[in-house]
Amino acid sequence: MPQLYQIIIKANKIHNFYITFKYNLIIILKNFLRKEQIIDYEEQSKITRVIIKAAVLMLEFGAESILIEQTAQRLGKALGVDSVEISLIPSAIVLTTLLKGRSATTTRRVHHKPINMSIVCDVQKMVIEIEKDKHDSDWVTTHMKNIQPNYYNRWLVILMVGLACASFSYLYGADIWAFAITFISSSIAMYIRQELSKKRFMLILTFGITAFIATLLSSTSLLFNLTNTPNVVFAASVLLLVPGFPFVTSFLDGFKGYLSMAWGRWLQASLLTIATCMGIILAMSVLNIKGW
């Protein structure tokens, strides 16, 4: 029995060694065939289109410029080209792939969408998987078609935005009535913003209309003397419209040398801020309120 037990153990070890050796051999052969694969101009053009599609996807959903460039270069290396050169402006991307002295260039227009970092993370995961398993351009195209934004439940967003704005009002000394009015005003404003975005209103109009409605709702605290801190309610109810992410990414792009992207994102954030201010001023003019 002990001899039979030892024979079984040795057989199991041999079997495990065979499985490991077979797996490693397949990986080595796959990588070797990948390196030896001849990429013609048509395939290079296809790779170029795949790379720029990934870059456009990241830029549309708010990724930082240096991250877009690094991801495009990594994706190009994984797909077999020698290098990737990319030029970013707020409204378009120009990308060139180089392979053995041959270049392929393409341009794509960018249509900005609401910021969603889940898209950026999915593209990053895809690039890591390509670097690991050496997929081809057709696999990348199919995979990117399945990448969809990961949205939170809209009512949860409304609730958390309302609580966040109300919490800011409390930190600035608001009483219980001011806290409640801020919560209601900002929650309704967030609902209006979501509805306007769903109907594809311009972002500037969305911010202006939302600020107008939020100011109208928060003005009840002053018109009906519901609280001793109406000025805090006015200020806290429109905090959901602060374009913090574009401002942050604009400064990061500027520090890292992407000046055109920095100016574009800073100007976009500034226009959204101006639209918010115009909505607030218009509401205060309608109600004949002189100030906070």
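All values below come from the heavy atoms of this structure, side chains included, with hydrogens, waters and symmetry mates left out. Every value quoted in this text rests on a predicted model; they were computed, and no experiment measured them.
Taking each heavy atom of Thr227 and Ala178 in turn, the nearest pair found is OG1-CB, 3.5 Å. For Ala78 against Ile130, the heavy-atom pair with the smallest separation is CB-CG2, 3.6 Å. A pairwise comparison of heavy atoms in Leu75 and Ala54 identifies CD2-CB, 4.0 Å as the closest pair. Considering all non-hydrogen atoms of both residues, Phe245 and Ile115 come closest at CD2-CD1, 3.3 Å. The two residues Ala262 and Ser250 make their nearest non-hydrogen contact at CB-O, 3.2 Å. Ser186 and Gly162 get closest at one heavy-atom pair: OG-CA, 3.3 Å.
Taking 4.5 Å as the limit, some side-chain heavy atom of Ile39 sits within range of a side-chain heavy atom of Ile47. Under the 4.5 Å side-chain criterion, counting only non-hydrogen atoms from C-beta, Val81 is not in contact with Leu98. Side chains of Phe201 and Glu195 form no contact here, defined as non-hydrogen atoms less than 4.5 Å apart. For the pair Arg109 and Ile93, the minimum side-chain heavy-atom distance is 4.5 Å or more. Residues Thr97 and Arg102 fail the side-chain proximity criterion, which asks for heavy atoms closer than 4.5 Å. For the pair Val84 and Arg74, the minimum side-chain heavy-atom distance is 4.5 Å or more. No side-chain heavy atom of Phe183 sits under 4.5 Å from any side-chain heavy atom of Cys165. Between Thr105 and Thr48, every side-chain heavy-atom pair lies at or beyond the 4.5 Å cut-off.
Note on Leu287: it clusters hydrophobically with Met284, by side-chain heavy-atom contacts below 4.5 Å among ILVMFWY residues. Hydrophobic clustering keeps Leu252 apart from Phe247 (ILVMFWY residues linked when any side-chain heavy atoms are closer than 4.5 Å, directly or through intermediates). Hydrophobic cluster membership is shared by Met117 and Leu67, with clusters built from Ile, Leu, Val, Met, Phe, Trp and Tyr side chains linked at under 4.5 angstrom. Under a hydrophobic clustering in which Ile, Leu, Val, Met, Phe, Trp and Tyr are joined whenever their side-chain heavy atoms come within less than 4.5 Å, directly or via other members, Tyr172 and Trp177 fall into different clusters. A single hydrophobic cluster is seen to contain both Met190 and Tyr152, as judged by linkage of ILVMFWY side chains at heavy-atom distances under 4.5 Å, directly or through other members.
The CD1 atom of Ile281 sits 13.0 Å away from atom CD1 of Ile289, with the distance rounded to the nearest 0.5 Å. To the nearest 0.5 Å, the span separating OG on Ser219 from CG on Asn288 amounts to 12.0 Å. Between the CH2 atom in Trp139 and the CG atom in Leu79 there is a gap of 10.0 Å [rounded to 0.5 Å]. Atom CD1 of Ile52 is separated from atom OG1 of Thr96 by 8.5 Å, given to the nearest 0.5 angstrom. Here the OG1 atom belonging to Thr220 is positioned 11.0 Å from the CG atom belonging to Asn225, to the nearest 0.5 angstrom. Interatomic distance, CG of Leu88 versus CG of Leu95, reported as 9.0 Å (0.5 Å rounding).
At least one donor-acceptor pair under 3.5 Å links the side chain of Arg193 to the backbone N or O of Leu240. No side-chain donor-acceptor contact under 3.5 Å links Ser187 to the backbone of Ile184. Under the 3.5 Å distance criterion, the side-chain polar atoms of Thr107 are left unmatched by any main-chain donor or acceptor of Ala92. In this structure a side-chain-to-backbone donor-acceptor pair under 3.5 Å is missing from His143 to Asp138.
For the 3.5 Å distance criterion, the side chains of Glu43 and Ser137 qualify, holding a donor opposite an acceptor. No hydrogens or angles considered: nothing links the side chains of Ser185 and Ser218 as a donor-acceptor pair under 3.5 Å.
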What side-chain donor-acceptor pairs closer than 3.5 Å can you find for residues 266-280, not counting sequence neighbours?
| residue | atom | partner | partner atom | Å |
| --- | --- | --- | --- | --- |
| Ser270 | OG | Trp266 | O | 2.8 |
| Thr273 | OG1 | Ala269 | O | 2.9 |
| Thr276 | OG1 | Leu272 | O | 2.9 |

Please list, one pair per line, the donor and acceptor atoms closer than 3.5 Å that link side chains of residues 58-65 to other protein atoms, with sequence neighbours excluded.
| residue | atom | partner | partner atom | Å |
| --- | --- | --- | --- | --- |
| Glu60 | OE2 | His111 | N | 3.4 |
| Glu64 | OE2 | Lys256 | NZ | 2.5 |
| Ser65 | OG | Asp253 | OD1 | 3.3 |
| Ser65 | OG | Asp253 | OD2 | 3.0 |

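Within a 6.0 Å radius of OH in Tyr151, more than 12 heavy atoms belonging to other residues, nucleotides or ligands are found. When the shell of 6.0 Å around CE of Met160 is examined, it contains 12 or fewer heavy atoms from other residues, nucleotides or ligands.
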So Val232 and Phe168, side-chain contact (heavy atoms from CB on, under 4.5 Å) or not? Walk me through it. CA-CA 9 Å; Val232 176; Phe168 272 108; over 6 Å; no
Check the pair Tyr258, Glu69 against side-chain contact (heavy atoms from CB on, under 4.5 Å), reporting the backbone distance first and the verdict last. CA-CA 11 Å; Tyr258 301 89; Glu69 181 175 354; 2.3 Å; yes
Can you check side-chain contact (heavy atoms from CB on, under 4.5 Å) on Leu217 and Ile213, steps first, answer last? CA-CA 6 Å; Leu217 294 172; Ile213 294 175; 4.0 Å; yes
Residues Val110, Ser91; criterion side-chain contact (heavy atoms from CB on, under 4.5 Å); working and verdict: CA-CA 5 Å; Val110 176; Ser91 59; 5.8 Å; no
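Here Tyr170 sits in one hydrophobic cluster together with Phe179; the rule is ILVMFWY side chains under 4.5 Å apart, joined directly or through other members. The hydrophobic cluster analysis finds Ile89 isolated: no Ile, Leu, Val, Met, Phe, Trp or Tyr side chain comes under 4.5 Å of it, directly or through other members.
The side-chain hydrogen bond (donor to acceptor under 3.5 Å, both in side chains) pairs that include a residue from residues 115-130 are Thr71-Gln124, Asn116-Ser118, where partners are two or more places apart or lie in different chains.
With sequence neighbours excluded, the residues forming a ring pair (Phe, Tyr, Trp, His ring centres under 6.0 Å) with Tyr191 are Trp155, listed by chain and number.
Here Lys77 does not pair with Asp82 in a salt bridge; the nearest charged N to carboxylate O distance is not below 4.0 Å.
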